[in-house]
Amino acid sequence: MALAAGSAALLAGAIGPHAGASRSGDALAVRTWSGWETWWRRDAAPARWSEGAPLAGRVRWRETRPGIEWGELQLRGASEAWRTRVVVVRLDPARVDLALDPAFTRNADWSVSDAAPDAAIALDAGQFRGSLPWGWALTGGREVLPPQYAPLAGAVVVDGGGRVRVVAPDSVEGVRAAGGLREAFQSYPMLLVAGTVPDPLRRPGLGVSLEHRDARLALGTTADGHVIIALTRFDALGQELGRIPFGLTSPEMAAVMGALGCRQAVLLDGGISGQLLVRDRLDVRTWPGIRRVPLGLVARVRP
């Protein structure tokens with residue numbers, strides 16, 4: 001918090017004329033080799049992402065381990081999102097196992113710096129209420145916290161075979177009752193359901209702020225079963241100030257996940273909590289958060 005407060009004047013100067021509320025003409029552009037290319041406009045935003053993945057093809061994917069690739073995008077948006085970096089990870093659950101690290105069950109908190117050396121990917125999971133995760137938490141096949149209901153609160157589940165699904169809110173209880181799960185946690189709001197952007201992210205007054213900007217973290221799944229993780233960073237003043245919680249709106253983050261090829265996607269806790277670690281055989285890349293959290297998510301390559 002001190003970092004955010006102490007940097008306020010510097011950030012205000014950097015944003016300068018770009019500051020201001022979101023507007024109907026807001027757009028997102030991606031940096032390409034030839035300049036900026038606009039790929040999304042708020043006043044013409046698709047209600048459904050059904051074909052193509054215009055951003056996935058812009059990522060220069062780098063394989064770190066079998067089944068794990070990552071890359072980055074530079075976006076230009078409105079207000080403080082005028083320079084936004086998106087760190088994207090693509091996982092193949094056939095080769096990678098996802099597991100929760102429930103620090104709260106040990107009366108502890110967690111950050112990606114706590115991830116074990118065999119963790120190839122680590123990030124914060126879900127949303128939080130004080131020292132506890134919000135809603136459902138199941139790890140190692142054992143339920144630690146029961147689900148809660150909210151209109152846009154979906155769940156990320158891993159079954160006994162390692163398949164990962166992002167479950168819509170109205171299906172959470174049924175998936176829980178069916179059993180056979182190894183890991184599960186809830187988060188909100190859903191960004192995509194079967195490729196469709198939920199109504200509360202398209203029309204005002206339905207419980208989601210369409211104007212609020214923040215650093216974002218999201219997890220989604222593609223039609224072929226891959227997992228996409230996307231973390232945004234403020235990209236105007238260098239890496240150290242990248243974790244300042246400036247960035248995209250929720251509808252813009254839904255567009256990012258749709259344009260990365262996701263069919264299902266849910267927002268995780270971003271802001272000062274958003275954090276990500278990518279480890280390959282020789283190096284570790286870390287995008288830390290400002291706040292420690294009660295629940296982490298870790299990916300390990302299968303032997």
Side-chain angles (χ1 to χ4, degrees), residues 59 61-72 85-128 133 136-142 144 155-166 181-187 215-221 225-233 239 242-243 266 268-270 272-303:
V59 181
W61 296 103
R62 289 163 273 188
E63 184 180 78
T64 63
R65 304 280 185 90
I68 300 176
E69 300 171 289
W70 80 282
E72 295 176 294
R85 185 173 297 269
V86 186
V87 184
V88 188
V89 176
R90 184 164 60 188
L91 307 176
D92 180 359
R95 308 177 79 176
V96 177
D97 284 324
L98 288 177
L100 293 172
D101 187 345
F104 71 97
T105 64
R106 307 187 293 271
N107 295 316
D109 50 27
W110 184 92
S111 78
V112 292
S113 63
D114 300 323
D118 65 343
I121 303 292
L123 63 148
D124 60 292
Q127 302 283 353
F128 310 111
W136 198 15
L138 181 151
T139 185
R142 182 175 70 90
V144 182
V156 178
V157 303
V158 184
D159 66 21
R163 183 167 69 109
V164 179
R165 288 177 288 161
V166 178
L181 300 177
R182 193 166 66 204
E183 309 286 332
F185 66 92
Q186 273 184 291
S187 196
R216 301 293 180 181
L217 177 64
L219 185 150
T221 52
H226 281 75
V227 174
I228 302 292
I229 297 161
L231 174 76
T232 72
R233 280 292 189 257
Q239 185 172 346
R243 51 184 167 164
V266 64
L268 309 182
D269 195 13
I272 61 174
S273 300
Q275 51 197 288
L276 177 66
L277 175 147
V278 177
R279 177 183 281 118
D280 62 22
R281 295 178 180 87
L282 301 175
D283 193 18
V284 179
R285 294 290 304 271
T286 303
W287 296 266
I290 297 173
R291 176 169 59 194
R292 294 175 65 86
V293 298
L295 185 65
L297 181 65
V298 174
R300 297 178 173 88
V301 177
R302 294 182 183 178

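What you find for R292 and S111 is that their closest heavy atoms are NH1-OG, 3.4 Å. A pairwise comparison of heavy atoms in A299 and V96 identifies CB-CG1, 3.6 Å as the closest pair. Nearest heavy atoms, W61 versus V89: CZ3-C, 4.3 Å. The two residues T286 and P288 have their closest heavy-atom pair at O-CD, 3.5 Å. Nearest approach of A125 to G296, heavy atoms of both residues: CB-C, 4.1 Å. Summarising the geometry of P93 relative to V227, their closest heavy-atom pair is CG-CG2, 3.8 Å, with the distance given to 0.1 Å.
Side chains of L231 and L123 form no contact here, defined as non-hydrogen atoms less than 4.5 Å apart. Taking 4.5 Å as the limit, every side-chain heavy atom of V298 sits out of range of all side-chain heavy atoms of I121. Looking only at side-chain heavy atoms (C-beta outward), W136 and V157 come within less than 4.5 Å of each other. Residues W70 and E63 have side chains not in contact (no heavy-atom distance under 4.5 Å, counting atoms from C-beta outward). Contact of the F185 side chain with the L268 side chain is registered, since non-hydrogen atoms from C-beta on lie closer than 4.5 Å. By the 4.5 Å heavy-atom criterion applied to side chains, V301 and I68 are counted as neighbours. Between I229 and V88, the closest side-chain pair of non-hydrogen atoms is not below 4.5 Å.
Not a single side-chain hydrogen bond (donor to acceptor under 3.5 Å, both in side chains) links D280 to another residue, sequence neighbours left out. The side chain to side chain contact (heavy atoms under 4.5 Å, CB included) check on R142 picks up V144, with sequence neighbours excluded. In this structure, the side chain to side chain contact (heavy atoms under 4.5 Å, CB included) partners of R291, at least two apart in sequence or on a different chain, are D269, I272, S273. Residues meeting the side-chain hydrogen bond (donor to acceptor under 3.5 Å, both in side chains) test with R85, sequence neighbours left out: D235.
Taking OG1 of T139 as the start and CG of L181 as the end, the distance is 11.5 Å to the nearest 0.5 Å. Residue T232 holds its OG1 atom at 8.5 Å from CG of L217, rounded to the nearest 0.5 Å. Atoms OG and CG, on S187 and L295 in that order, are 10.0 Å from each other to the nearest 0.5 Å. Rounding to the nearest 0.5 Å gives a distance of 11.0 Å between CZ of R62 and CD of E69.
Each of L277, D283, L282 was checked for a side chain to side chain contact (heavy atoms under 4.5 Å, CB included) with R279, and the lone residue meeting it is L277.
A side-chain donor-acceptor contact under 3.5 Å links Q275 to the backbone of V112.
Every pair passing side-chain hydrogen bond (donor to acceptor under 3.5 Å, both in side chains) that includes a residue from residues 117-127 is listed here, sequence neighbours excluded: D118-R300. Residue pairs that meet the side-chain hydrogen bond (donor to acceptor under 3.5 Å, both in side chains) test with at least one member in residues 92-105, sequence neighbours left out, are D97-R182, D97-R302, D101-R106, D101-W110.
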*Could you go through the side chain to side chain contact (heavy atoms under 4.5 Å, CB included) check for V156 and T221 one step at a time?*
CA-CA 10 Å; V156 178; T221 52; over 6 Å; no

